[in-house]
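Here is the naming used below: chain letters follow the sequence lines, and residue numbers restart at 1 for every chain.
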Amino acid sequence: MSSTEKVRVRFAPSPTGYFHIGGARTALFNWLFARRHDGVFVLRVEDTDKERNTPEYLNLIYESLRWLGLDWDEGPFAGGDCGPYLQSERGDIYRAHLDKLRAAGRVFEKEGALFFRLEGERHTAYDEYHKAEIEKVKSAPVVIDDMIRGPVERVEERDFVLVRSDGEPTFHFVNVVDDITMGITHVIRGEDHLSNTSKHLHLYAALGAAPPRFAHLPLILKDRAHGQGKMSKRDKGALVEEYRARHYLPAAVRNFLALLGWSPKDDSEVMDIGEIIERFRLEDVQKSPARFDEKKMDHINFEHLKRLPTETYAWCARPVLDAAGVAGDDVEEDYLQRVLALCQEKVDSLANLPDFCAYFFTDDYREDEKARKKTLGKPDAAQTLAEVTETLEAVPAAGWNAATLGAAFESLAAAKDNKPFAWWPLTRFAVSGVAAGPDFLPMLEVLGRERVLARLNRLRGSLA
RNA sequence: GUCCCGUUCGUCUAGCCAGGCCUAGGACACCGGGUUUUCAUCCCGGCAACAGGGGUUCGAAUCCCCUACGGGACGCCA
C-alpha cells in the first residue's frame, strides 16, 4: 500500500455463536486503528457456514457492537460501495474470482470439492496428526510481514478447499476475495489466524493482488481458575452481552479491552475513548497472550463510574433502579440526583446500586441482621435511640442540613461527655437498616427530617 | 507428531528495538494500618517478577544460541 492510501480495515465476524470478548477486542482494535488513521471501518458478515449461522447471533453482533460504540462506516445498515456485506450474498463475486484461479490453472476437483493447487514438488508421507498417508507439497516459503511480530516465515504444504462439495465457498477463499474487492489495507485479527495467513498469501499471489498489511493480535486466555487455553464463548465473563446485562459502562469495557494486549506505554489506565484513539498504535500491541481478569475490569468500570457527571450518572442509574423496583418514573430528578451524588463515589457498580440506596426511596427496605445485632445488641440501645430522637426532633425542618445536624450531635456529645459518633451507628441502622452507606450526615440531610424521625420512632416502637 | 508464535510480580503491564539511569516502575488482587460511624469509598504501608542454562560485553531484563514451559494452527469451521 502507498503511504497516502486511505486506511481500510474490517471486522469480519461469523454469526455462529454468542459474541464474545475476544471478538469484541478484535473489533475494537480494528475500529481504533481506523479512527486513529482517519480510515474506514468495514463490518462484513462471514456467514458461509449455513449449518451454524443464525439470525439471532447476527443480531447479537450488531447490538453488541453498537453498545460498545463501535460504529461501522460500511456494512449492513451503513451501506457502502463494496457491498453486499453479507458473504451469503456475494456468490457472483466468488464465482468470478474462482474463474480467475481456474484460468490460471490453480483449481482442481476432488471428491466433489474444488481445491486450490499449490505450486511445488509433491510427495506422499505418513502424517502423525492425520494418522494417514497424505500428499504434501514443497511450496515456496512465504513471509508474513506482521506489524506486531515482524516477519514470520511459513511453508504451506497442502492443497486446500476453495469450494465445498455443497457448492459453498470456504473461509480462506471468500476472506481473501472480500479483502481484495473491499480494498482492505490492513488485516487485524487474532493470532489463531497467523498460520492461515500463508494460505491467504498464496491466494493473493494467484489472484494477482497485492496483499494487505497484517497484524496478528495475541489471544485472550482463560482465567487460570477456568482452565487452560484461549477464552471461549462458554467461559465465565466471556460474553459481551453479559456486561451489558450487568450494567457495565460501555466506555469501561472498551477501556479494559483496549488494555488487554495494548498499552499506552506510560502509566495511564483509565482513559476516555478520545485519548485511546489518539494514543493507539499497532506497534505497541503485546506479542504474548493475556489472561482475562474480571477484578481489573470491575476496577476500570468503577473508575469510569466515579468520573461521570452526576446528571449522566443519574441518567445511567435510573433504568437500573427502575428495573430493580427501587425507584421508578415517579421519583423526582432532583431528589434522585441528590441521593446518587452520595452513592456515586461509594458504589463500585451500577448493579450494586439498587441494593445500596433502596432505603432512600422506600420504607420497606431490607434489614441487615448483623447490623441489627451490632447496634441494638448493646445494653443502652434504647437509651441511645431516645437521645438521638430527641436531639433530631429539636432540629427544625428549615435548618435540616449536614452542618446543623453535625452541630446537634456535637452538643449532644458535649452534654453526655462523649464523642458525637457514639450515636451514629445506631442512628444509621435505624434509618437505613444497614451498617454501611454514604457519609452519615449528608445521608441524614438527603433522607430528610420526616423520614429520619419516622424511622427512629418506628424502631423505638418496635422495641417497646 | 509437524509448523508457527510467545515467556518481566498471582493478573494486566513499563523497561527490551538504540546494553549501564533497574537494589526492575505502575495498576488490579491480596495482606496490614489509618480516616468522625461503615469487613463496597478514600489514604498510607507491605507482599511479590526479569523461565533455566550457555555465550557476547568492562557491564545484559535488554544482544545471540540452546533447553524448558505456555499458546496457536494443522477442517469440505470461521
Heavy atoms only, 4.0 Å cut-off, all strands: where does [X] land among base, sugar-phosphate and nothing?
X	answer
A:Arg428	base
A:Asp192	sugar-phosphate
A:Ser165	base
A:Ala113	base
A:Pro218	nothing
A:Leu260	sugar-phosphate
A:Gly261	sugar-phosphate
A:Glu51	nothing
A:Gly190	nothing
A:Lys230	sugar-phosphate

(request) For nucleotides B:A49 and B:C3, find the distance between their C1' atoms and express it as a whole number of Å. (result)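 Their C1' atoms lie roughly 31 Å apart.
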(request) For B:C77 versus B:G72, give the span between their C1' atoms, rounded off to a whole number of Å. (result)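 B:C77 and B:G72 have their C1' atoms separated by 16 Å.
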Write down the partner of [N] under the Watson-Crick or G-U wobble criteria, each distance required to be under 3.5 Å.
N	result
B:U7	B:A68
B:C58	B:G20
B:U2	B:A73

(request) Measure from the side-chain heavy atoms of A:Val152 and tell me the nearest of B:C5, B:C76, B:U7. (result) B:C5
(message) Closest approach to the side chain of A:Asp293, judged atom by atom: which nucleotide of B:G6, B:A78, B:C28 is it?
(response)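 Side chain of A:Asp293 sits closest to B:C28.
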(request) Please figure out whether A:Ser263 or A:Arg52 has its closest RNA chain B nucleotide nearer the 5' end. (result)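 Upstream on the strand: A:Ser263.
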(request) Please tell me which of A:Phe302 and A:Phe292 maps to the more 5' nucleotide of RNA chain B, matching each residue to the nucleotide holding its nearest heavy atom. (result) A:Phe292
(request) Look at the side-chain N and O atoms of A:His216 and state whether any lies under 4.0 Å from the OP1 or OP2 oxygen of B:G6. (result) no
(request) Establish, with yes or no, whether the OP1 or OP2 oxygen of B:G75 is under 4.0 angstrom from a side-chain nitrogen or oxygen of A:Arg158. (result)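 Result: yes.
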(request) Determine, answering yes or no, if A:Phe356 is stacked on B:A40 under the 5.5 Å centre rule and the 30° plane rule. (result)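 So A:Phe356 does not count as stacking on the base.
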(request) Could you tell me whether the side-chain ring of A:Trp424 sits stacked on the base of B:U36, using a centroid cut-off under 5.5 Å and a plane angle under 30°? (result)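 No; by the centre-distance and plane-angle rule, A:Trp424 does not count as stacking on B:U36.
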(request) Would you please say whether a donor-acceptor pair under 3.5 Å links the side chains of A:Thr16 and A:Asn53? (result) no
